[in-house]
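Convention: sequence-line order gives letters A, B, ...; per-chain numbering from 1.
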Amino acid sequence: MINRPLHTKFGMMARGKDEHVEVMRHSAAHVLAQAVQSLFPGAKFGIGPPIENGFYYDFDLLRPLIPEDLPVIENKMREIINDNLPFIKEEVDKDTAHRIFAAQPYKLELISELPDSTVTIYRTEGGPHPPHPLSGEGQLERRPSPPPTLSGEGRQGTFTDLCRGPHVASTGEIKAFKLTHIAGAYWRGDENRPMLQRIYGVAFATQAELEDYLSLQAEATKRDHRKLGKELDLFSIHEEIGPGLICWHPKGALIRQIIEDFWKAEHAKRGYDIVYTPHIAKLDLWKTSGHWDFYRDYLYPPMEIEGQQYMLKPMNCLGHILIFKSQTRSYRQLPLRYAELGTVYRYERSGVLYGLARVRGFTQDDAHIFCRFDQIEEEVAGILKLAQFMMNNFGFKNYDLLLSTRPEKYAGTLEIWEQATQSLQHVLEKLDLPYEIDPGEGVFYGPKIDIKIKDALGHAWQGPTIQVDFNLPLRFNVCYIGEDGKERNVTMIHRTVLGSMERFLACLIEHYGGAFPVWLSPVQAAIIPIADRHVSYAHHVGNELARENIRVRVDDRSERMTLKIREAQLEKIPFMLIIGDKEMASDGVSIRLRNGEDIGWENIGQIKERIKAAIEAKS
RNA sequence: GCCCGAGUGGCGCAAUGGUAGCGCAACCGACUUGUAAUCGGUAGGUUAGAGGUUCGAAUCCCCUCUCGGGCUCCA
């Protein structure tokens with residue numbers, strides 16, 4: 001019952017420690033709201049906090065925002081910034097606040113919920129113009145695009161916002177910012193409440209930092225696995241098949257297969273047994289497990305076969321449990337570790353699907369460990385080491401560990417939760433792994449450790465997860481015979497060390513920007529004869545390399561060498577071996593790397609060794 | 001699921017109510033080439049699907065599907 005890995009698309013960058021920047025971002029949100037007030041009279045205001053790299057503000061407007069609005073709002077913000085309006089803090093009692101924000105239902109709601117008898121408000125006051133507090137009523141007509149506003153001195157009105165602060169001294173301190181996008185967002189994050197329009201912006205202390213950030217975003221766009229998946233011909237998703245369902249093309253399938261082979265071999269070395277279990281099972285099984293009651297919304301509806309209800313499996317654990325239960329087990333056999341690259345299907349709401357990273361059918365690199373309670377620590381330690389081994393081999397240097405503790409709704413006794421949580425904590429400390437505690441985020445059946453992988457651009461992806469389970473062994477009466485001859489419930493550990501093949505590939509594609517290390521590259525060497533007379537020697541070299549299990553492609557088309565190089569380059573093939581008269585005469589090749597580097601001539605033995613060494617190094 | 005936006009040959013794009021075009025790819029032919037695109041030709045689209053408005057719809061309206069940006073969710 002592995003926790004569906006969480007997807008965080010633009011995850012944590014190094015958390016900005018600079019508090020001043022945080023304050024400035026918050027003030028930028030305030031200025032954004034002031035700009036919107038002046039351009040959209042009658043706007044209702046939600047909240048506008050600073051966030052990673054920037055800020056946002058939520059508005060309730062009479063018409064939907066369009067992308068063309070952003071530059072206009074941005075210009076207005078620049079005016080306000082140029083006017084260098086001071087931020088004035090005031091403390092008022094709640095009655096006064098209610099009066100000030102009489103036309104602002106969202107603000108009123110916030111005020112009512114504040115515990116203190118007084119609240120703080122911030123004003124930016126500008127120029128000789130009459131104030132427009134938020135209480136002003138106004139009309140907002142629908143128009144294709146707001147009229148451009150020209151900057152002028154002292155034109156701003158007063159903007160007052162409910163806010164704890166702090167703010168910068170005056171709007172002029174807001175330096176480098178840019179509005180980035182518009183989105184819908186539920187008021188207070190509650191899907192039953194109105195949807196507001198959110199404007200996002202980024203802001204930094206200097207223009208240079210802003211530009212760095214924007215170029216990093218541009219780089220991220222280039223590395224987007226959905227884009228690279230198409231460009232590199234790795235996978236596709238078809239309207240005709242259905243959303244969230246993946247077709248792996250030969251090259252993507254090859255990468256996946258290499259990873260799976262590696263995975264299987266490493267598991268075998270560590271005492272795991274590989275198993276296979278069916279993709280459908282009788283509905284009663286899922287009723288016994290509790291899935292039918294707890295997660296019905298995520299399951300595909302049952303199908304009827306010969307009067308029996310069957311269901312597509314949303315996880316692999318039940319098959320593994322039945323394999324375990326197929327014999328009476330002794331404590332001497334424990335731990336038993338069943339591993340399966342198990343494909344599961346879960347209904348995900350349409351709006352949440354995302355490339356390979358959030359799909360409806362996916363293959364977990366799953367395993368279930370059946371052990372005694374006192375074996376948890378050792379097993380978890382083994383899993384953590386395996387997970388680290390995997391991360392290292394795939395080039396991930398940074399990851400965060402999260403220990404999730406008991407949620408409000410839980411199965412099992414407090415005592416057993418306490419012990420299990422302590423075991424996990426103890427292992428993390430013994431292995432000297434830094435971790436954070438995620439209070440109450442455990443699964444109902446037990447505590448867990450999640451690993452969030454950071455790719456080359458710092459985006460965090462939910463990867464491996466380790467979950468202790470006290471629930472299923474009870475529901476299915478999964479037991480072993482102890483030393484004393486008595487039956488005891490096993491402890492189950494659900495775990496993945498990659499997450500799912502789909503999401504892991506998404507993460508890998510973005511991590512490497514599509515330039516996979518040699519061991520994973522679908523084509524490791526492109527052999528490029530210059531003219532047709534070099535083709536037969538090129539095939540000879542190709543055969544030599546293929547004999548060493550190097551994945552090679554001889555580009556024997558009657559095309560120009562530069563075209564072949566260009567195409568190999570776009571395919572991100574690590575080695576390009578150029579063959580002309582010189583190479584043919586000297587029984588060698590000239591080597592070009594995908595970074596453009598020209599290695600020059602090598603003989604066939606040397607190039608074999610070079611490529612084999614790169615494969616071996618997994619680099 | 002919700003808000004907003006988008007869907008045009010395999011891919012990337014153009015055409016804002018009046019004959020659906022361009023580049024790449026594909027196919028055919030010529031060129032035989034030294035480190036990121038040789039030249040010429042041919043073929044390919046009932047404009048996501050269904051309905052409506054109109055003399056006339058890629059274009060305007062309605063519904064459905066899919067995708068994108070977010071929100072919510074993610075055992």
Whole-Å distance, A/D60 CG to B/C3 P, equals 14 Å
Per A/S558 side chain, nearest of listed nucleotides B/G34, B/U32, B/A75:
B/U32
Residue-phosphate contact under 4.0 Å: A/R560 side-chain N/O, B/A30 OP1/OP2:
no
Using whole Å, report how far CD1 of A/I578 lies from P of B/A36.
9 Å
Does B/C71 have its OP1 or OP2 closer than 4.0 Å to a side-chain nitrogen or oxygen of A/Y200?
yes
Classify A/D190 by what it touches in the nucleic acid, base, sugar-phosphate, or nothing, heavy-atom distance under 4.0 Å.
nothing
B/G44 and B/G23, which share atom name C1', separated by this distance in whole Å
15 Å
side-chain N/O A/K227 vs B/G12 OP1/OP2, d < 4.0 Å
no
For B/C39, what is the paired nucleotide under Watson-Crick or G-U wobble rules, both distances under 3.5 Å?
B/G29
When both distances are under 3.5 Å in a Watson-Crick or G-U wobble arrangement, the nucleotide paired with B/A15 is none
Length of the CD-C1' vector between A/Q217 and B/G70, whole Å:
14 Å
CZ of A/R226 versus P of B/C11: gap in Å, rounded?
16 Å
Between A/Y512 and A/R223, the two heavy atoms sitting closest are C-NH1, 3.8 Å
Between the base of B/G70 and the side chain of A/Y56, is one N or O donor paired with an acceptor at under 3.5 angstrom?
no
ring-ring contact (aromatic ring centres under 6.0 Å, His included) between A/Y445 and A/F470, worked out
CA-CA 6 Å; A/Y445 50 73; A/F470 313 125; 8.8 Å; no
Please state the C1' separation for the pair B/C67 and B/C11 - nearest whole angstrom.
16 Å
Mark yes or no for a side-chain to base donor-acceptor pair under 3.5 Å between A/R533 and B/U32, with no hydrogen or angle criteria applied.
no
In whole Å, measure the gap between the P atoms of B/A75 and B/G17 for me.
50 Å
Rounded distance in Å between the C1' positions of B/C31 and B/U19:
38 Å
Quick one: label A/E571 by what it contacts on the DNA or RNA (base, sugar-phosphate, nothing), any heavy atom closer than 4.0 Å.
nothing
Under-4.0 Å salt bridge between A/E348 and A/R358
yes
May I ask you to evaluate whether A/R296 reaches the phosphate of B/A75, defined as a side-chain N or O under 4.0 Å from OP1 or OP2?
no
Classify the side chain of A/R346 and the base of B/C74 as holding, or not holding, a donor-acceptor pair under 3.5 Å.
no
Kindly point out which of B/C65, B/G34, B/C73 is positioned nearest to the side chain of A/E239?
B/C65
Could you tell me whether A/F294 contacts a base, only the sugar-phosphate backbone, or nothing, with contacts defined as non-hydrogen atoms closer than 4.0 Å?
nothing
CD of A/E559 versus P of B/U32: gap in Å, rounded?
14 Å
Span that lies between the P atom of B/A58 and that of B/G7, in whole angstrom:
14 Å
Between B/A6 and B/A20, how far apart are the P atoms? Round to whole Å, please.
24 Å
Categorize A/I528 for me: base, sugar-phosphate, or nothing, with a 4.0 angstrom heavy-atom threshold over every strand shown.
nothing
Check for a donor-acceptor pair, side chain of A/Q462 on one end and backbone N or O of A/P464 on the other, with a separation under 3.5 Å.
yes
Between CG on residue A/L403 and OG1 on residue A/T421, distance to nearest 0.5 Å
6.5 Å
Which pair of non-hydrogen atoms, one from A/K564 and one from A/D556, has the smallest distance, and what is that distance?
NZ-C, 4.5 Å
Please state whether the base of B/G34 and the side chain of A/E583 form at least one donor-acceptor pair under 3.5 Å?
yes
B/C73 C1' sits how many Å from A/D297 CG, rounded?
10 Å
Pair partner, B/A6 [Watson-Crick or wobble, under 3.5 Å]:
B/U66
Using a 4.0 Å heavy-atom cut-off across all strands, classify A/T562 as base, sugar-phosphate, or nothing.
sugar-phosphate
Candidates B/A36, B/G34, B/A75 - which lies nearest the side chain of A/D581:
B/G34
Base, sugar-phosphate or nothing for A/K230? Non-hydrogen atoms, less than 4.0 Å.
sugar-phosphate
From CD1 of A/I241 over to P of B/A48, roughly how many Å is that when rounded to an integer?
21 Å
So for A/R63 and B/C4, does any side-chain atom that can act as donor or acceptor lie under 3.5 Å from a complementary atom in the base?
no
Pairwise C1' distance for B/A57 and B/C62, with rounding to whole Å
15 Å
Most 5' of A/V352 and A/L563 on RNA chain B, judged by nearest nucleotide
A/L563
Quick one: label A/G189 by what it contacts on the DNA or RNA (base, sugar-phosphate, nothing), any heavy atom closer than 4.0 Å.
sugar-phosphate
Rounded to the nearest Å, what distance is computed from the CD atom of residue A/E567 to the C1' atom of nucleotide B/U38?
13 Å
Between A/R349 and A/R594, name the one whose nearest nucleotide on RNA chain B is closer to the 5' end.
A/R594
Nearest-neighbour nucleotide for the A/M561 side chain, B/U33, B/U72, B/A36 considered
B/U33
So A/Q197, base contact, sugar-phosphate only, or nothing? Heavy-atom distance under 4.0 Å.
nothing
Is it possible for you to check whether A/R198 lies under 6.0 Å from the centre of the six-membered ring of A/Y56, through NZ or CZ, and within 45° of that ring's axis?
yes
Need the pair for B/C71. Rule: Watson-Crick or G-U wobble, both distances under 3.5 Å, any strand; none if unpaired.
B/G1
Using atom C1' of each nucleotide, how far apart are B/C3 and B/G45 to the nearest Å?
33 Å
Candidates B/A75, B/G69, B/C73 - which lies nearest the side chain of A/Q467:
B/A75
Closest approach to the side chain of A/D532, judged atom by atom: which nucleotide of B/A75, B/G70, B/U32 is it?
B/U32
Determine whether A/Y57 and A/F55 satisfy the following criterion, ring-ring contact (aromatic ring centres under 6.0 Å, His included), listing intermediate values before the conclusion.
CA-CA 7 Å; A/Y57 211 112; A/F55 58 91; 9.2 Å; no
If every non-hydrogen atom of A/I453 is compared with every non-hydrogen atom of A/Y399, which pair is closest and at what distance?
CA-CB, 4.1 Å
